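Only one structure is covered here, and it is reproduced in the block below.
All ligand and atom numbering here is 1-based and tracks the order in the structure. If you read the sequence from its start, that first residue is 1, and numbering goes on from there. From a predicted model like this one, the values you see are computed outputs, not experimental measurements. All values below come from the heavy atoms of this structure, side chains included, with hydrogens, waters and symmetry mates left out.
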Amino acid sequence: MSNLPPDMDPIASLERAVASAAGEVAAASSIDDLEKVESSLLGKDSSVGQIRRSMGGLDAELKPKVGAMLNETVTRINEVLTTRRAELGAVEEELRLREESIDVTLEAVRFPNGALNLVQQTIDEIVDIFVGLGYQVADGPEAELAWYSFDALNTPSTHPSRWEQDTLYLDWGDPGDEVNLRPHTSSVQARWMEIHDPPVHIVVPGRCYRKDTIDATHLPVFYQIEGLVVDQDIKFSDLKGTLLHFAREFFGPESEVRLRPHFFPFTEPSAELDVSCFNCDGGEPGCRVCKGGGWLELLGCGMVDPFVLETAGYDPSQISGFAFGMGPERVAMARHGIDSLRHFIENDIRFLRQF
Ligand code: DAH
C-alpha cells in the first residue's frame, strides 16, 4: 500500500484521466502504439494505477467515492481502448490483405504449346489401328544394304528402281552390298523374316528417300508404313478384309475399298487399293477431295511372292502372306483434302496449326 503524493487529488486526477483518454487513444496510429497508450493510462505508474494502489490508505469517507469513480474511469477508458483497437485492427488487416493480394486480372505469361506434326499424328493413328489387330511395330536402318532393299524382295539388279536416277546411294561396295538410303520400308520385311519364324504380323513406319525433286506430289524424304502378315493359309481375302477394316477405321464406317491390278516385284498378285471418297460418297462432279472420281488412291499391296518367302528361309508350300505399303503423307492429304506435299515441309505455322 502506498500513499498518494500530498498534492494529488484523486477525484480530480481521475476526471483528468478520463478527459484526456479519448484524445490520447485517438492519437495512437497502430496497435503497438495503442498498447503504449494503454499502459500510460491504466498501468502501474499512471494516475489510475497510483490511485488503485493507494485505496487502502484513503479516508473511510472518501474511499467509496474514489472506489466507484476508479471503476467508472477504468471502464470508460477500456471502452475507448476497445473501440480504437477494433478500428486499428481493421485498418491493419486491410493493409495486410492489400499487400498479400494477387492481381488476378494480370495477363498470364503464355508458353506456346507444341504439337505433333500432321504426318506424325497420321503415322500414330495408322499404327494404332494395326496394333489393335495384334500387329507388332518393327524398325530397320535408313542406310540400307541393297540386299534388303531390293534383292531379297525379288527386285533384280536390272530393275529400274535400282538405278541411280531413282535411288540414292551412299556406297557402291560389291553387288548386293551397295548401301542406299532406303527407298521404301519394305526392306524391313526381309530383315524381320531373316530372324523371326512365322507367324508374322508387323507394321513398319519409317523414313524413306528417293531421288525426286520437290513438287506437289513428290518429296525426296518421306514416310512409309509397310505391313506384312505371314502365316499358314493367309489368303487374298485376308488382305482385302484387313485393308477394308483399316479404311473404315481411318476414313469412317461407310468406306468401301476397291483393288486394281498392279505390279510390284515382291508381291504376286499385286494391286493398288483405293478407298471410296468420304467427302462426296461416290463421285459428285465438283467434289474437292476426289475431283469427281469417287475414289482415292491409298496404297500398294499384294500376296507375298513365294521367292521372297523362300529367300527368307520360309517354306512357301506351307505358308503364305500378304503385304502392303502406304505413304502417311498421301493418306493425310486424302483425308484432309490437302493439295500439295509441299505443305508438310514448309513449316508454315498457319498450315501446322490446323491439325
Ligand atoms: N514398297 C512399295 C513402294 O514403295 C509399296 C508397296 C507396295 C509395299 C506393295 C508393299 C506392297 O508391301 O505389297 O511403292
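Remark: the Y209 side chain and the E142 side chain contain an N/O donor-acceptor pair separated by less than 3.5 Å. One side chain, N180 or S149, offers a donor N or O that lies under 3.5 Å from an acceptor on the other.
For atom 2 (C) of ligand 1, the nearest protein heavy atom (residue, atom name, distance) is F266 CZ, 3.9 Å. Among all protein heavy atoms, the one lying closest to atom 12 (O) of ligand 1 is E226 OE2, 2.5 Å.
At a 4.0 Å heavy-atom cut-off, ligand 1 touches R210 through the side chain alone. When heavy-atom distances to ligand 1 are checked against a 4.0 Å cut-off, A323 comes that close through both its backbone and its side chain. No part of M326 comes within 4.0 Å of ligand 1, judged by heavy-atom distances.
At a threshold of 4.0 Å, the pair D33-R84 does not count as salt-bridged, since none of the basic side-chain nitrogens sits closer than that to a carboxylate oxygen.
Listed by number with element, the atoms of ligand 1 under 4.0 Å from a non-hydrogen atom of Q224 are 3 (C), 4 (O). Using a 4.0 Å cut-off to heavy atoms of T267, the atoms of ligand 1 that qualify are 13 (O). Interface of G300 with ligand 1, defined as ligand atoms under 4.0 Å from a residue heavy atom, comprises 7 (C), 9 (C), 11 (C). Contact atoms of ligand 1 toward G302: 13 (O) (distance under 4.0 Å to a heavy atom of the residue). Heavy-atom contacts of S186 reach the following atoms of ligand 1: 1 (N), 8 (C) (cutoff under 4.0 Å).
Within the 3.5 Å criterion, the main-chain N or O of V80 finds no donor-acceptor partner in the side chain of R85. Looking only at distances, a side-chain donor or acceptor of S320 sits under 3.5 Å from a matching main-chain atom of I234. Of the possible donor and acceptor atoms, one in the side chain of T167 sits under 3.5 Å from a partner among the backbone N and O of S161. The main-chain N or O of D274 is never found under 3.5 Å from a side-chain atom of R260 such that the two would form a donor-acceptor pair. Panel note: side chain R330, backbone T217; a donor-acceptor pair is recorded below 3.5 Å.
Residue Q189 places a heavy atom less than 4.0 Å from ligand 1. Look at H262 and you'll find every heavy atom at least 4.0 Å from all atoms of ligand 1. For the pair E272 and ligand 1, no heavy-atom separation below 4.0 Å is found. The closest approach between a heavy atom of F322 and any atom of ligand 1 is not below 4.0 Å.
Between H245 and F130, the distance separating the two ring centers is not shorter than 6.0 angstrom.
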